[in-house]
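The chains referred to below are lettered A, B, ... by the order of the sequence lines, with proteins before strands, and numbering in each begins at 1. Below, all heavy atoms of this structure are taken into account, side chains as well, without hydrogens, waters or symmetry copies.
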Amino acid sequence: MYLTPEEEKTLNGEYGESLQKAIEILVALGDIYGADKLIPVKSAQIAGVSYKTIGDAGLEWISDLEGKVKIPSILNPAGMDIVRWDEMGIDPVFAKKQQEIIEAYAKLGIQTKCTCTPYYLEGFNVTLDDHIAWSESSAVSYANSVIGARTNREGGPSALSAALVGKTANYGYHLDEMREPVVAVEVDCELSGSDLGALGYVVGKTVGSRVPIFYMKNEPSKNEMKALGAALAASGAVALYHIEGVTPEATRKTFTRPDEVIPVERTQIDEVYETNKDILSSEIITIGCPHCSVEELEEIAGLVEGKKLQKEMWVCTAREVAERHPDLVQKIEKSGAKVVCDTCMVVSPATNKYASITVNSGKALAYVPSMCKVAAKYASIEDCINEAGVVDEN
Amino acid sequence: MKIKCRTISRGVAEGEVLLTNDAISFLGNVDPETGEIVEAQHELYGQSIAGKVLVFPHGKGSTVGSYVIYQLFKNGVAPAAMINLESEPIVAVGAIISEVPLVDRLEKDPYEVLKNGDRVIVNSTEAFVELKKE
């Protein structure tokens, strides 16, 4: 791998031990995957934030690092709402450790906004062909597929290294040839809303880590593509997908249709809604995996306006998005639902105490049963709210 | 005898060889407090990797495994060095943050030239493994 004289100096420790380790990580990954050089990246999103996943060892490693990040850098969802953790039933010992992790990141100059949707936030508005180093699987999928930016699925330490060095190794999805679709997905019906999350949940299992191109009967919205990508990344390991004539790269050029075809029929989508339908009533309902966009908050606010919910319902979003729209938050919370920030039902230990959950996310449907040991059901946003036991206020 | 290799994590260390044909998931296979292999199905079950030159084909399992290697290091029970057939990111990153020399792609098959108990020097800074003759 070619290194500039400046990069060589960094590798030899002339700029301190933290930068030396950071560039060593990038070079090692570059060597493993056959990168030719390091390339600058526009922003980084760092995984390994929830105390539930990285533990004391992760906290120690981050705390031991010195220096400041060179590019705008942001965090993945944490294990709790940083402000309202007590209301979520989070153990104070966990909360203390979680705060320490976030403070350790802050010392390195990382913005302590914890979200899986950095693309909604100030300073992270990436565009077509931008190189970035993002970690959260749905953010990676959205950036690569819906925006047409370029990122690998970074792990926590590699994204942090990219943030400190301002560069990443040039391999994988940074290269044109790795972005070509290798499997075709033919959908035989029109899909809308939560159907897209169900589609990702079904197809991810077959596609694995390959790049699919979808041939659809109708054009999904960006929010629907967000749900599709999140589910594809969770039930499979998809970092990039194309939709013929819709996503930017599949609009810019016509990809050769791959030989391998996965047909998807309406009945397969319907089956996802049937998962665990024997759970007659869920104890909690969650929306916002990935974190809700403004349009989704508007939709939910419209649906719950003038209603009272009988069950616990979380609407997860990025704090910055919630703070920009206090009116929507207020409308939603008036129904008894909580607008939860910085975290989600997958990475928070607060989810573990429920026996059953209804979600509108194919990603949550894939992870919640294994990571939280909670039985999960799948429904549209509207049905999620019905499941929460709507009573008209009047 | 010096064997050329590829550098993954830089450093120099000497130790006794401990070989396994099984891949290792540091999350789950290894006790971070003691450095003992705790997975009953693993070839090295019950043995400690602390201070050894650990030879294994590659890592597997959760990416949190990198942090488990760091925990071994903090607890003073990390391997002295590691040799892989083909390194992957979890072990590579764990080795780098824990200052454990790691090499892979040896010029000779490590399972043919090395055996348990051999003393070797892993010099990954200069990209060689040296087998010390008794």
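Put simply, the side chain of A:Val238 does not reach to within 4.5 Å of the side chain of A:Val211, judged on heavy atoms. Two residues are said to be in side-chain contact when any heavy atoms from C-beta on lie closer than 4.5 Å; A:Leu160 and A:Leu65 meet this criterion.
Closest heavy-atom contact between A:Ile62 and A:Gly48: CD1-O, 4.4 Å. Residues A:Ile54 and A:Val49 come closest through the heavy atom pair CG2-N, 4.4 Å. The minimum heavy-atom distance linking B:Asn29 with B:Ala23 is given by the pair OD1-O, 4.1 Å. Taking all atoms of both residues into account, the shortest heavy-atom contact from A:Ile102 to A:Cys114 is CD1-SG, 4.1 Å. Closest non-hydrogen pair, A:Ala159 versus A:Ala133, comes out as CB-O, 4.3 Å.
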Could you list the donor-acceptor pairs under 3.5 angstrom formed between side-chain atoms of residues 106-114 of chain B and any protein atom two or more places apart in sequence or on another chain?
residue	atom	partner	partner atom	Å
B:Asp109	OD1	B:Tyr111	N	2.9
B:Tyr111	OH	B:Thr20	O	2.6

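Proximity to chain B is limited to the side chain of A:Leu29, based on heavy atoms less than 4.5 angstrom apart. Interface residue A:Leu11: backbone and side-chain heavy atoms are both found under 4.5 Å from chain B.
The contact list for residues 42-51 of chain B toward chain A, using heavy atoms and a distance under 4.5 Å, is empty.
Contacts of B:Ala80 classified as side chain to side chain contact (heavy atoms under 4.5 Å, CB included), with partners at least two apart in sequence or in another chain: B:Ala13.
Applying the 6.0 Å contact sphere to CE of A:Met371 captures more than 12 heavy atoms from other residues, nucleotides or ligands.
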Between these two chains, chain B and chain A, I want each donor-acceptor atom pair under 3.5 angstrom written on its own line with its distance.
residue	atom	partner	partner atom	Å
B:Arg6	NH1	A:Asp31	O	3.0
B:Arg10	N	A:Glu24	OE2	2.8
B:Arg10	NH2	A:Leu11	O	2.8
B:Arg10	NH2	A:Asn12	OD1	3.2
B:Tyr70	OH	A:Asp64	OD2	2.6
B:Lys74	NZ	A:Asp64	OD2	2.9
B:Glu99	OE2	A:Lys21	NZ	3.0

